[in-house]
Number of protein chains: 2
Amino acid sequence: MALKRSRQREMIKSFLMGRKDHPTADVIYSNLKQQDPKLSLGTVYRNLTLLSDMGEILRLRVGDGVDHFDADTSEHYHFVCTECGSFIDLDMDSIDSIMETAGERFDGRIRGHVTYFYGTCPACTRVATES
Amino acid sequence: MALKRSRQREMIKSFLMGRKDHPTADVIYSNLKQQDPKLSLGTVYRNLTLLSDMGEILRLRVGDGVDHFDADTSEHYHFVCTECGSFIDLDMDSIDSIMETAGERFDGRIRGHVTYFYGTCPACTRVATES
DNA sequence: TTCCTTGCAAATCGTTTGCATAATG
DNA sequence: CATTATGCAAACGATTTGCAAGGAA
């Protein structure tokens with residue numbers, strides 16, 4: 001039960017904090033593997049699960065079949081580009097009011113929601129628009 | 001390229017139309033297997049993929065690691081109970097305006113969004129409230 | 001010394017796919 | 001007859017897990 005610190009967990013957490021994209025377990029693994037050749041993928045998964053269970057990171061599922069991880073746990077929304085797959089943080093106002101909208105004719109209790117947006121990212125939009 | 005009708009595809013589609021929950025491929029398979037013992041899981045998956053690619057059904061991913069399918073393709077939102085896992089349609093106003101909110105300070109193009117709500121369903125809420 | 005964590009490999013689970021045969025148009 | 005769809009089983013890819021050895025408290 002008691003958590004003991006581990007070099008690996010710290011590596012993973014700080015790697016994640018240093019990135020603005022939202023890497024998958026495998027990307028995290030192959031990057032860190034270079035500075036620590038003994039690192040194993042199982043350890044990466046175990047720690048990502050541990051960190052997200054503790055609420056220190058977010059596990060994002062956007063339907064591409066792979067989990068993405070984010071060290072930024074503050075409220076924010078994501079955008080996924082359907083052309084290049086890039087995964088971007090959106091700077092936008094809160095849309096928490098949709099929970100009230102959802103609850104208007106619902107007898108249960110709405111505690112949260114998962115929302116992400118998709119479309120064409122700025123870079124791909126530019127390419128598509130070029131003459 | 002040309003689509004040929006198949007008894008199996010029709011079974012699957014009508015089974016799905018007759019349910020208000022949002023069964024997984026495996027649930028669909030085990031139910032239909034009873035009336036057609038030769039049915040194979042591969043066929044179920046192939047047809048579900050085909051039907052959702054054609055837009056006749058929806059493939060829903062709510063982060064539980066399993067795909068759910070819905071024959072109702074009209075715009076509507078879902079609720080997932082974190083206690084019992086039930087998967088319910090919400091009768092609620094459109095929240096498409098969140099796409100404008102998201103686009104305000106974003107240079108790309110937002111084409112859509114995925115949103116689902118979670119919390120405690122009416123039945124579980126009742127149980128929790130009972131004295 | 002206790003017991004949490006790792007590395008490694010094997011196991012799981014949902015989903016996809018190759019191939020020979022059956023069904024459709 | 002030309003082709004699409006099926007059943008079956010093997011293949012896949014992401015994630016999890018059992019176990020013996022290593023490391024933190």
Side-chain angles (χ1 to χ4, degrees), chain A residues 1-16 21-54 56-70 80 85 87 114 116, chain B residues 1-16 21-54 56-70 80 85 87 114 116:
Chain A
M1 272 284 83
L3 198 62
K4 290 183 179 174
R5 64 193 294 260
S6 96
R7 190 174 45 77
Q8 290 85 338
R9 189 179 314 130
E10 284 162 7
M11 282 180 98
I12 293 168
K13 176 89 184 281
S14 65
F15 174 79
L16 216 41
D21 61 344
H22 307 76
T24 61
D26 201 68
V27 168
I28 296 168
Y29 169 69
S30 29
N31 275 272
L32 295 179
K33 180 90 174 172
Q34 286 165 195
Q35 70 186 76
D36 178 2
K38 298 223 186 68
L39 182 66
S40 91
L41 185 55
T43 295
V44 172
Y45 272 108
R46 256 187 300 241
N47 281 298
L48 288 171
T49 299
L50 196 54
L51 289 167
S52 67
D53 285 351
M54 296 188 305
E56 290 193 28
I57 64 173
L58 297 177
R59 165 176 249 145
L60 309 172
R61 308 194 186 215
V62 287
D64 63 351
V66 204
D67 290 353
H68 295 255
F69 297 88
D70 189 350
V80 179
F87 207 125
V114 172
Y116 62 86
Chain B
M1 272 284 84
L3 197 61
K4 291 184 179 175
R5 65 191 296 260
S6 96
R7 191 175 45 78
Q8 290 86 336
R9 189 179 314 129
E10 284 161 8
M11 281 180 98
I12 292 168
K13 176 88 185 281
S14 65
F15 175 79
L16 217 42
D21 61 345
H22 306 75
T24 61
D26 200 68
V27 168
I28 296 168
Y29 169 67
S30 28
N31 274 273
L32 295 179
K33 180 88 174 174
Q34 287 165 195
Q35 70 186 76
D36 178 1
K38 299 225 185 69
L39 182 66
S40 91
L41 186 55
T43 296
V44 172
Y45 273 108
R46 258 187 299 240
N47 280 300
L48 288 171
T49 299
L50 196 54
L51 289 167
S52 67
D53 286 351
M54 295 190 303
E56 290 192 29
I57 65 173
L58 298 176
R59 164 176 250 146
L60 310 172
R61 308 194 189 220
V62 288
D64 63 351
V66 204
D67 291 354
H68 294 255
F69 297 87
D70 189 350
V80 179
F87 207 126
V114 172
Y116 63 86

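Letters A, B, ... mirror the listed sequences (proteins, then strands); counts begin at 1. Quantities reported herein were computed from a predicted structural model and do not represent experimental measurements.
Across all their heavy atoms, A/Arg9 and A/Ser6 have their closest contact at N-OG, 2.9 Å. In terms of heavy atoms, B/Pro23 sits closest to B/Leu16 at CG-CD1, 3.6 Å. The two residues A/Ser52 and A/Arg59 have their closest heavy-atom pair at OG-NH1, 4.1 Å. Counting all heavy atoms, side chain and backbone alike, B/Glu56 lies closest to B/Lys13 at OE1-NZ, 2.8 Å. Annotation for A/His22 and A/His68: closest pair O-ND1, 2.7 Å, computed over non-hydrogen atoms. Of all heavy-atom pairs spanning B/Ala25 and B/Leu41, the tightest one is O-CD1, 4.3 Å.
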Review item, nucleotides 20-22 of chain C N/O atoms under 3.5 Å of protein N/O:
none

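Remark: C1' of D/dG13 and NE2 of A/His68 are 14 Å apart, rounded to the nearest angstrom. Straight-line distance from the CG atom of B/Leu50 to the C1' atom of C/dT24: 15 Å, rounded to whole Å. The distance from atom CE of A/Met11 to atom C1' of C/dT5 is 15 Å, rounded to the nearest whole Å. B/Ile12 has its CD1 atom 14 Å from the C1' atom of C/dT15, to the nearest Å. Taking atom CZ on A/Arg61 and atom C1' on C/dG14, their separation rounds to 12 Å, with Å as the unit. Remark: P of C/dA23 and CD of B/Gln8 are 9 Å apart, rounded to the nearest angstrom. The distance from atom CG of A/Leu60 to atom P of D/dT15 is 12 Å, rounded to the nearest whole Å.
The ring pair (Phe, Tyr, Trp, His ring centres under 6.0 Å) search around B/Tyr29 returns none, not counting sequence neighbours.
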At under 4.0 Å between heavy atoms, which parts of nucleotides 20-25 of chain D does protein reach? Answer with one letter per nucleotide, 5' to 3': B base, S sugar-phosphate only, - none. ---BBS
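A distance of 10.0 Å separates CG of A/Asn31 from CG of A/Asp26, quoted to the nearest 0.5 Å. Taken to the nearest 0.5 Å, the CG atom of B/Asp36 stands 4.5 Å off from the CZ atom of B/Arg7. One distance of note links OH of A/Tyr45 with CD1 of A/Ile12; it measures 11.5 Å at 0.5 Å rounding. Taking CG of B/Asn47 as the reference point, atom CD of B/Glu10 lies at 10.0 Å (rounded to 0.5 Å). Taken to the nearest 0.5 Å, the CG atom of A/Leu48 stands 5.0 Å off from the CD1 atom of A/Ile57. Residue B/Leu32 holds its CG atom at 11.5 Å from OG1 of B/Thr43, rounded to the nearest 0.5 Å.
Sorted by residue number, the members of residues 39-47 of chain B with any non-hydrogen atom under 4.0 Å from DNA chain C read B/Leu41, B/Gly42, B/Tyr45, B/Arg46. Within residues 24-37 of chain A, no residue has a heavy atom under 4.0 Å from DNA chain D.
The side-chain heavy atoms of A/Phe87 and A/Leu60, taken from C-beta on, include a pair separated by under 4.5 Å. Proximity of B/Arg46 to B/Gln8: side-chain heavy atoms (C-beta onward) are nowhere separated by under 4.5 Å.
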Chi angles and distances behind the side-chain contact (heavy atoms from CB on, under 4.5 Å) call for A/Leu3, A/Leu50: CA-CA 10 Å; A/Leu3 198 62; A/Leu50 196 54; 3.8 Å; yes
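Rounded to 10°, the angle separating the first-five-pair axis and the last-five-pair axis of the helix from C/dT1-D/dA25 to C/dG25-D/dC1 equals 30°.
At a threshold of 4.0 angstrom between heavy atoms, the contacts of A/Arg59 are confined to the sugar-phosphate backbone, with no base atom among them.
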